[in-house]
There are 2 protein chains.
Amino acid sequence: MPKITFFNLPEDKKTILIKAAREEFSRVPLSQASITNIIKAAGIPRGSFYQYFEDKEDAFFFLLNEHVKENKQRFASILIKNNGDLFSTMLEFYESIISEEEENLHFLKNIFLNMTHQIESTYARSFHDNQDRNSDYNMFAGLVDQKKLNITNEQELACMGQIIIAVTIRSFIEKFARELPNEEALEHYKMEMELLKRGLAK
Amino acid sequence: MPKITFFNLPEDKKTILIKAAREEFSRVPLSQASITNIIKAAGIPRGSFYQYFEDKEDAFFFLLNEHVKENKQRFASILIKNNGDLFSTMLEFYESIISEEEENLHFLKNIFLNMTHQIESTYARSFHDNQDRNSDYNMFAGLVDQKKLNITNEQELACMGQIIIAVTIRSFIEKFARELPNEEALEHYKMEMELLKRGLAK
DNA sequence: ATCTTATATGACACGGTGTCATCTGTCAAT
DNA sequence: ATTGACAGATGACACCGTGTCATATAAGAT
């Protein structure tokens with residue numbers, strides 16, 4: 001978490017700093033990003049950066065969290081629009097992500113191609129925030145129409161969630177790594193979801 | 001790839017160096033590993049390291065490749081033993097991995113918790129080596145008993161492979177991140193495979 | 001004995017990180 | 001108006017790891 005001084009910053013300065021950090025993290029993955037570049041772009045002295053953030057990671061995970069919050073919102077609203085149909089929601093969500101604007105996609109690419117567990121769990125923190133570790137999961141579980149799913153208990157629902165997340169993330173990675181065109185990536189993702197739905201074994 | 005000088009090295013020196021590198025990569029993930037530590041442990045001067053490897057990554061991916069080769073072997077033999085039954089093979093393979101000896105597990109943990117796309121694709125290079133990018137995939141495809149699988153064409157088989165790999169890797173990550181005991185991890189993996197087999201939708 | 005080619009070595013330049021002593025600005029109390 | 005206190009700003013600097021390079025050494029070949 002950024003330090004209090006960061007949140008106390010006047011809006012415009014904060015915006016400039018966020019923009020500079022985002023540019024750097026869009027340019028290269030976390031491991032190669034440099035604080036020096038961020039402060040140059042933001043026009044602030046080195047010491048100030050450490051006044052606001054613990055370190056590079058701190059700034060990165062702040063941005064990542066912001067991004068995740070937006071996606072969570074988006075996912076929930078698509079899920080509601082689709083009357084709780086999980087699979088059609090996944091497709092629409094997938095499509096909406098890969099259709100983002102250029103700069104966002106660079107940021108995403110660096111995230112997905114360097115998806116460590118720490119990043120992934122932040123990402124999956126769509127499923128819990130500060131207050132209640134499971135509040136988000138429960139919200140989503142409540143929104144999903146479970147009658148359409150082939151499950152018998154709560155545990156299987158959670159497990160299914162993990163499977164879908166794993167396959168979805170992997171599909172994003174595939175898209176970015178091989179630089180697939182959107183239509184192709186979406187077609188492939190559709191096939192994966194169909195296989196998942198109908199089952200892999202006879 | 002390590003340089004020729006590395007392969008020209010007398011066996012004992014090579015062994016010492018490999019051991020030192022493996023220790024370092026077992027201690028911390030790639031991004032935190034330091035060449036300085038490796039050369040200290042191996043008792044060689046700094047310049048020599050660069051005589052053998054391009055850089056840290058070069059050494060790491062060499063070790064990773066060695067590891068993958070062994071696993072490929074192991075997987076194939078389990079698959080044959082199980083008469084091409086993909087799912088029972090996956091379970092047995094999963095169990096055999098998590099039952100490895102302590103030091104190997106540290107190495108694996110650092111790999112799985114920092115599984116970037118580059119690492120994953122090396123890992124999945126179980127499916128192609130220098131000569132023929134698809135030879136391994138074809139070998140596995142040939143060994144698998146496809147009558148038991150719910151697929152209609154080659155493309156779906158490949159897709160299914162990706163799904164299973166995604167879920168399996170994710171399951172390893174979960175085990176290492178949450179430090180699950182072996183039995184629990186295996187139970188969870190079993191449930192995931194069962195869900196995959198029977199399908200997620202009604 | 002000399003030349004050639006492969007390998008070994010460690011000092012060093014470079015670049016990035018995080019710290020810290022010092023400076024500045026603001027605001028409330030006297 | 002003066003002072004004190006505190007939050008924040010600043011940039012020089014110590015530290016550390018990397019990769020290079022000029023030089024030293026060894027092993028063959030002629």
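None of these values were measured; they are calculated from a predicted model. Chain letters run A, B, ... following the sequence lines, proteins first and then strands; every chain starts at 1.
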For A:Lys13 and D:dA7, give me the distance from atom NZ to atom C1', rounded to whole Å. 13 Å
Minimum-distance nucleotide to A:Pro45 side chain [options: C:dT17, D:dG17, D:dG11]: D:dG11
Going from CD1 on A:Ile44 to NZ on A:Lys13, what distance comes out if it is rounded to the nearest 0.5 angstrom? 6.5 Å
Working to the nearest 0.5 Å, report the span between OG1 of B:Thr168 and CD1 of B:Ile97. 10.5 Å
Between B:Asn150 and B:Arg198: side-chain donor-acceptor atoms closer than 3.5 Å: no
Taken to the nearest whole Å, CZ/B:Phe49 to C1'/D:dT18 is 11 Å
Of the listed nucleotides D:dT10, C:dA8, C:dG18, the one nearest the side chain of A:Gln51: D:dT10
Atom of B:Asn104, atom of B:Glu100 and distance for their closest heavy-atom approach: ND2-OE1, 2.6 Å
Quick one: on DNA chain C, does B:Arg46 or B:Thr5 contact a more 5' nucleotide (nearest heavy atom)? B:Thr5
Taking only side-chain N and O atoms of B:Ser34, does any of them lie within less than 4.0 angstrom of OP1 or OP2 on D:dC16? no
N or O in side chain of B:Asn8 less than 4.0 angstrom from C:dA6 OP1/OP2: no
Output the rounded distance in Å from CD (B:Gln32) to P (D:dT18). 12 Å
Report the distance from atom CG of B:Leu30 to atom P of D:dG17, rounded to the nearest whole Å. 16 Å
Assign A:Phe53 to base, sugar-phosphate, or nothing according to its heavy-atom contacts below 4.0 angstrom with the strands shown. nothing
With each end axis built from five pairs of C1' atoms, what bend angle do you get for the helix from C:dA1-D:dT30 to C:dT30-D:dA1? Round to 10°. 20°
Please confirm whether the ring centroid of B:Phe6 lies under 6.0 Å from the ring centroid of B:Phe53. yes
Given atom CD of A:Glu57 and atom P of C:dG18, what is their separation to the nearest angstrom? 8 Å
Just how far, in rounded Å, is C1' of C:dT7 from OH of B:Tyr50? 18 Å
Strictly below 4.0 Å, N to O, side chains only: are A:Arg178 and A:Glu174 in salt-bridge contact? yes
Gap between atoms CD1 and C1', on B:Ile39 and C:dG10 respectively (whole Å): 10 Å
Touch check for A:Ser48, heavy atoms < 4.0 angstrom, all strands: base, sugar-phosphate only, or nothing? base
Restricting to non-hydrogen atoms, name the atom on B:Leu63 and the atom on B:Ile18 that form the minimum distance, rounded to 0.1 Å. CD2-CG2, 3.8 Å
A:Tyr52 OH to C:dG18 C1', in whole Å, measures 16 Å
